[in-house]
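Each chain gets a letter, A, B and so on, in the order its sequence line appears, and its residues count up from 1. Bear in mind the structure is a predicted one, so any value in this text is a computation, not a measurement.
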Protein chains: 2
Amino acid sequence: MPKYKDIARKLIRKIDSDDMKQGDKLASIEELMKYFDVGKNTIIQVLTLLERQGYIYQVRGSGNFVRKHRRHGYINLLEANGFKSTLQGFRLGSEMLDLKVIKPTTEVMANLDIPEDEDVYYVKRLRSIEGRKFAIEKSFYVKDIVPYLNQEIVEDSIFRYLIEDLKLKPGFTDHFFRVGKLNKENAELLNLKIGDPTAFLESIYYLENGRPFDYSKILYHYEEAQFFIQGASNTEF
Amino acid sequence: MPKYKDIARKLIRKIDSDDMKQGDKLASIEELMKYFDVGKNTIIQVLTLLERQGYIYQVRGSGNFVRKHRRHGYINLLEANGFKSTLQGFRLGSEMLDLKVIKPTTEVMANLDIPEDEDVYYVKRLRSIEGRKFAIEKSFYVKDIVPYLNQEIVEDSIFRYLIEDLKLKPGFTDHFFRVGKLNKENAELLNLKIGDPTAFLESIYYLENGRPFDYSKILYHYEEAQFFIQGASNTEF
DNA sequence: CGGAATTTGTGCGTATGTATT
DNA sequence: GAATACATACGCACAAATTCC
């Protein structure tokens, strides 16, 4: 592991600990250089990374300060897998409703950028949080990249399987978000009424090399799901 | 303007042009160094910035490739001001419903991190797109930072006024997102029915120095609003 | 298939500019 | 105005991944 990632992890652990709160000042670049025994560039690289991940904000001439969001139970849409760290501490469940290999629809072809004869895994899951119905998820995986799935994997964590077992490297993601009304089928699955609100999230996950491998459509229970998005410093363009 | 920002803008113009599409390869770092007559670090800095902004993805040993989303009419939640570039080309309107200086509620105090006796501007606007009702926005500005607002400013663009006239420098942003049902008052404003779905977005805008200056709550018309969020490469943590 | 060439990634040292304290 | 701290930028060396032959 490169030095800057190692240092970043250590600083993140420090920031996440109870020692630090919003607005606290980090050690100066000079001090961090000495402490970790690395060059200035490396520290700058670390701080740039932390800023981009939303852990700190940088103020020129002044210092680097902790950024700590104070709301819990929100899904952080900027983390690789939609159901991660911000929901830590909650009991999550996954019930498999369907799992099969199919040929892609036009919609799936377009979003995964594949031809019509390419096989895809179709997975439908009912997700729960603390035992309550939380979301209906329909996912499509390019079989060429994800050659095998079974019930055990699907009810545990597909992403963990992809990363740890298949050694895939997810890169970036596109999320598309809308609000709508539930139809009969989905309302019944979520124990809601027809016409009740729902958050509809479409996500396309790409590997590091830019190839899309997962297209997912999620309908959230409107009373259970809430989302969090951190915008970094843009300055123009 | 620093070299890396200047180069970034030029590359973004190039990428946004019709010449380039998703997956196209940029010139190599070596070539960019020669073309712009700068050092390698500067080019790397440019590419890191473009990657973070979602314009490109980087593949080690291979090259840098254009990332171009193909959906229009979506609001990009990662851009400083919620109603920017992705809605370019649409006719946007702002009708002022209320504008006054008030003392903060507990909620506003907490989100803007101010004491109870600090004055805030309260602005309520009805926003439209292509003449259709689009969203109801209630915003709170710290008067100490934004000392003056009037109807003209509020019905044009508050952010443009803050940046260009007040010379404020917005830094980062926190967005919180939920789905809910409309009450009578808001349903009437949006020409919808009581109980219809709505997207509810709370945003806190901070200056570069980390001080919050704007807390906004927006209720979107569920048939008009759709959102776009680009996740960058995270790789672990 | 293997090795060479290409391309990007990490890291050091240094100098100078700019904003804050 | 001086001291401190972060920002930009150059040049160099070597590592790691991909691509080409």
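Separating the CZ atom of A/R211 from the P atom of D/dT18 is a distance of 14 Å, rounded to the nearest angstrom. Distance B/I44 CD1 to D/dG11 P: 14 Å, rounded to the nearest Å. Remark: P of D/dA17 and CD of A/E208 are 10 Å apart, rounded to the nearest angstrom. Taking atom CG of A/L32 as the reference point, atom P of D/dT4 lies 18 Å away to the nearest angstrom. Between the P atom of C/dT10 and the CG atom of A/D37 lies a distance of 19 Å, rounded to the nearest Å. Residue B/M33 contributes atom CE, which lies 11 Å from atom P of C/dT8 at whole-angstrom precision. Between the P atom of D/dG11 and the CD1 atom of B/I29 lies a distance of 15 Å, rounded to the nearest Å. Here C/dG11 presents its C1' atom at 16 Å from CZ of A/F36, a figure rounded to the nearest Å.
A donor-acceptor contact closer than 3.5 angstrom links the side chains of B/D174 and B/Y206.
No side-chain donor-acceptor contact under 3.5 Å links B/D16 to the backbone of B/R13. Side chain of B/K138 to backbone of B/K124: no donor-acceptor contact under 3.5 angstrom is found.
When each of B/Y74, B/F177, B/Y220 is checked for a ring-ring contact (aromatic ring centres under 6.0 Å, His included) with A/F177, only B/F177 meets the rule.
Of the candidates C/dT8, D/dC6, C/dC12, C/dC12 carries the atom nearest the A/N41 side chain, counting heavy atoms from C-beta on. Between D/dC10, D/dC6, C/dT10, one nucleotide has an atom nearer to the side chain of A/N64 than all others, and that is D/dC6. Candidate nucleotides D/dA9, C/dG11, D/dA5 were compared by shortest atom distance to the side chain of B/K3, and D/dA9 ranks first. Checked against D/dC10, C/dG9, D/dT8, the side chain of B/K40 finds its nearest nucleotide in C/dG9. For B/T42, the listed nucleotide lying nearest its side chain is D/dA9; candidates were D/dA9, C/dC12, C/dG9. Minimum atom distance to the side chain of A/Q58 is reached by D/dA7, of the listed C/dT10, D/dA9, D/dA7.
The base-pairing partner of D/dA15, taking Watson-Crick or G-U wobble contacts with both distances under 3.5 Å, is C/dT8.
Classified by interplanar angle (parallel below 30°, tilted 30° to 60°, perpendicular above 60°), the ring pair A/F140/A/Y122 is tilted.
For the pair A/K68 and A/K21, the tightest heavy-atom approach, listed with the atom from each and the gap, is CD-CA, 4.1 Å. Shortest non-hydrogen contact noted between A/G23 and A/F65 is O-CD2, 3.3 Å.
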Under 3.5 Å between N/O atoms: give me all the protein pairs with nucleotides 18-21 of chain C, atom names plus distance.
from, atom 1, to, atom 2, distance (Å)
C/dT18, O4', A/R60, NH2, 2.8
C/dT21, OP1, A/S62, OG, 3.3

